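Notes to accompany the following structure.
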Amino acid sequence: MSDTPDSVVRTYIDTHRAAFLGDLAEWLRIPSVSARPDRAADVRRSAEWLSAKLRETGFPVVEVWPTAGAPAVFAEWPSGDPTAPTVLVYGHHDVQPAAREDGWHTDPFEPEIVDGRLYARGAADDKGQVFFHTLGVRAHLAATGRTAPAVNLKLLVEGEEESGSPHFRALVEERAPRLSADAVIVSDTGMWSEDTPTVCTGMRGVADCEIELYGPDQDIHSGSFGGAVPNPATVAARLVAALHDEDERVTVPGFYDGIVELTDRERELFAELPFDEAEWLRTAKSRATLGEAGHTTLERVWARPTAEVNGIGGGYQGPGGKTVVPSSAHLKLSFRLVAGQDPDKIESAVRDWVASRVPAGIRHEITFGAATRPCLTPLDHPALRSVVRAMGRAFGQKILFTREGGSGLAADLQDVLGAPVLFLGISVPSDGWHAPNEKVELDLLLKGVETTAYLWGDLAAHWRAS
């Protein structure tokens, strides 16, 4: 093998593969289940284990940051170059609950390698994807001869992601000066498939609400009073029916104001993915697709805003008939948001829309939960181009593009730090996040290592050039 930077990286990874996997297995044995109070000590132990390993990796600054809940780990390795960009890597060290009786073939906290796959809770979500950065930065140094990364490298690994990250935004706001960065790399994500490596360019945001509708002070006889007083269950049904028009567009005035529309190039990139709609429907347990007219299924779930009825109820629900006008009804709605939409404006628009459609005699209350903002990285951003080039070198093939239809903490980092968010993950759908027998493909895990080994130099070189 010729002594090229790529060959040096691959040789270094191969040489240190066994030790890397041994260390990862040791970390996976710590049952850092943040949702269980009786595992709080294990979550702390996980943070302490990681902080020690990051010091061993070479990070000169490593700190365990307490929160009102579980601790996070912060690490920093300055480049020494005043012109180098600063990159913050995000991940989490807590995991979902898991027990053998849930359907695991092995003990979920006793890692086992079978047929090139590492099985354990956290193998993919997210300890494996956090840990590949440790070997990646060492391979980067080995290939470049540097004593520090080509970028100012920071890590933030939180301990409450699997519990809804109740203290994360407060932590980021409090520590914002220490976390300041030119770009954020989120390694808590995945790819399209084993054969189709991809980079995610954005996630939708979400706002959700509950609407309570109150009519008569109690259930009343539908024969004596029905048809002469407003019925809250009927009002609930009419609100739901009015939420979309015949083209499945949301009818709330101002809902689409300011959204970042898909470009023709983005549509072309989505179309390059090997999407099988029939298979997608089988996964969705549905018999047909339905959505906003003029958009494909992938466009609808990744790049268009939505309004969904999550629940509707009111009145008598028991067996047999009960002829009443119910005293109350309720709705649960959620709105997936895309770049350009402001959750506060959406909340205001929904409140006004409901108020305009509720008749006299019906009192209503709307309660919104905490919203998550959408995030989107432009295709021409130099940091995104570096991620794509680094992945292309590691995988030896063209990298395609996806988005995520769900929501996550990336938006908090973007919002507070004012930095673009990039997604770098190697997990695939078959890894079974949150499910029994979670695993990570070892070949892909090491591709993640290799990608990060190339990424830091590429970022430094091309951000200077830009």
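What you see is a predicted model; the values in this text were computed from it and never measured. Atom set for the values below is all heavy atoms of this structure, side chains included, hydrogens, waters and symmetry mates excluded.
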Short N-O contact, E272 and R267, less than 4.0 angstrom: no
Carboxylate-amine/guanidinium proximity below 4.0 Å for R36 and D38: yes
Pairwise side-chain contact, L384 with V199, heavy-atom cut-off 4.5 Å (strictly under): yes
Full working for side-chain hydrogen bond (donor to acceptor under 3.5 Å, both in side chains) between Q129 and S427: CA-CA 8 Å; Q129 299 202 94; S427 186; 4.8 Å; no
All pairs passing side-chain hydrogen bond (donor to acceptor under 3.5 Å, both in side chains) where residues 104-115 contributes a residue, at least two apart: R29-E110
G69 to E160 - nearest heavy-atom pair and separation: CA-OE2, 3.1 Å
Residues, nucleotides or ligands: over 12 heavy atoms within 6.0 Å of R17 CZ: no
Identified side-chain contact (heavy atoms from CB on, under 4.5 Å) counterpart of S46 within the set L28, V33, I30: I30
Test item: V157 and Y90 side chains (from C-beta on) under 4.5 Å apart, heavy atoms: no
Trace of the ring-ring contact (aromatic ring centres under 6.0 Å, His included) decision for F131 with W49: CA-CA 12 Å; F131 203 58; W49 186 96; 5.8 Å; yes
Electrostatic pair E48-R44, nearest N-O below 4.0 angstrom: no
S430 side chain to E194 side chain, donor-acceptor N/O pair below 3.5 angstrom: yes
Atom of L379, atom of R265 and distance for their closest heavy-atom approach: CD1-CG, 4.3 Å
Those residues that, when tested against T86, pass side chain to side chain contact (heavy atoms under 4.5 Å, CB included) (two or more places apart): N152, K154, A181, D182
Test: R45 and D42 ion pair at under 4.0 Å: yes
Name of the residue among L422, V87, V151, L459 meeting side-chain contact (heavy atoms from CB on, under 4.5 Å) with S386: L459
Audit row: H93, E158, side-chain hydrogen bond (donor to acceptor under 3.5 Å, both in side chains) steps and yes/no: CA-CA 6 Å; H93 66 91; E158 71 153 320; over 6 Å; no
Side chain H140, main chain G136, donor-acceptor under 3.5 Å: no
Test item: E450 and F395 side chains (from C-beta on) under 4.5 Å apart, heavy atoms: no
F270-W192 aromatic ring centre distance below 6.0 Å: no
Contact check, side chains of I366 and E210, non-hydrogen atoms, under 4.5 Å: no
Considering all heavy atoms, the nearest W463-A183 contact: CH2-CB, 3.5 Å
Qualifying residue for side-chain contact (heavy atoms from CB on, under 4.5 Å) with L88, from I185, L155, L417: L417
F401-F423 aromatic ring centre distance below 6.0 Å: no
Exam field: side chain H244 to backbone A307, donor-acceptor pair closer than 3.5 Å: yes
Lys/Arg-Asp/Glu bridge criterion (N-O < 4.0 Å) met for D342, R373: yes
Exercise: identify the closest heavy-atom pair between S165 and L409: OG-CD1, 3.0 Å
Residue pairs fulfilling side-chain hydrogen bond (donor to acceptor under 3.5 Å, both in side chains) with at least one residue in residues 70-79, sequence neighbours excluded: S79-R146
Pairwise side-chain contact, T15 with F20, heavy-atom cut-off 4.5 Å (strictly under): no
Ring-face cation of R204 near W302 (centre distance under 6.0 Å, axis angle within 45°): no
Beyond-backbone contact of F335 with T306, side-chain heavy atoms, under 4.5 angstrom: no
Residues in side-chain hydrogen bond (donor to acceptor under 3.5 Å, both in side chains) contact with K53, at least two apart in sequence or another chain: D23, E56
Partners passing salt bridge (Lys or Arg N to Asp or Glu O under 4.0 Å) against E277 (at least two apart in sequence or in another chain): none
T372: partners by side chain to side chain contact (heavy atoms under 4.5 Å, CB included), with sequence neighbours left out: V206, S407, A411
Heavy-atom check, side chain of D125 versus side chain of D188, under 4.5 Å: yes
Polar contact flag, side-chain donor to acceptor under 3.5 angstrom, S334-N310: yes
K439/E441 ion pair, N-O < 4.0 Å: yes
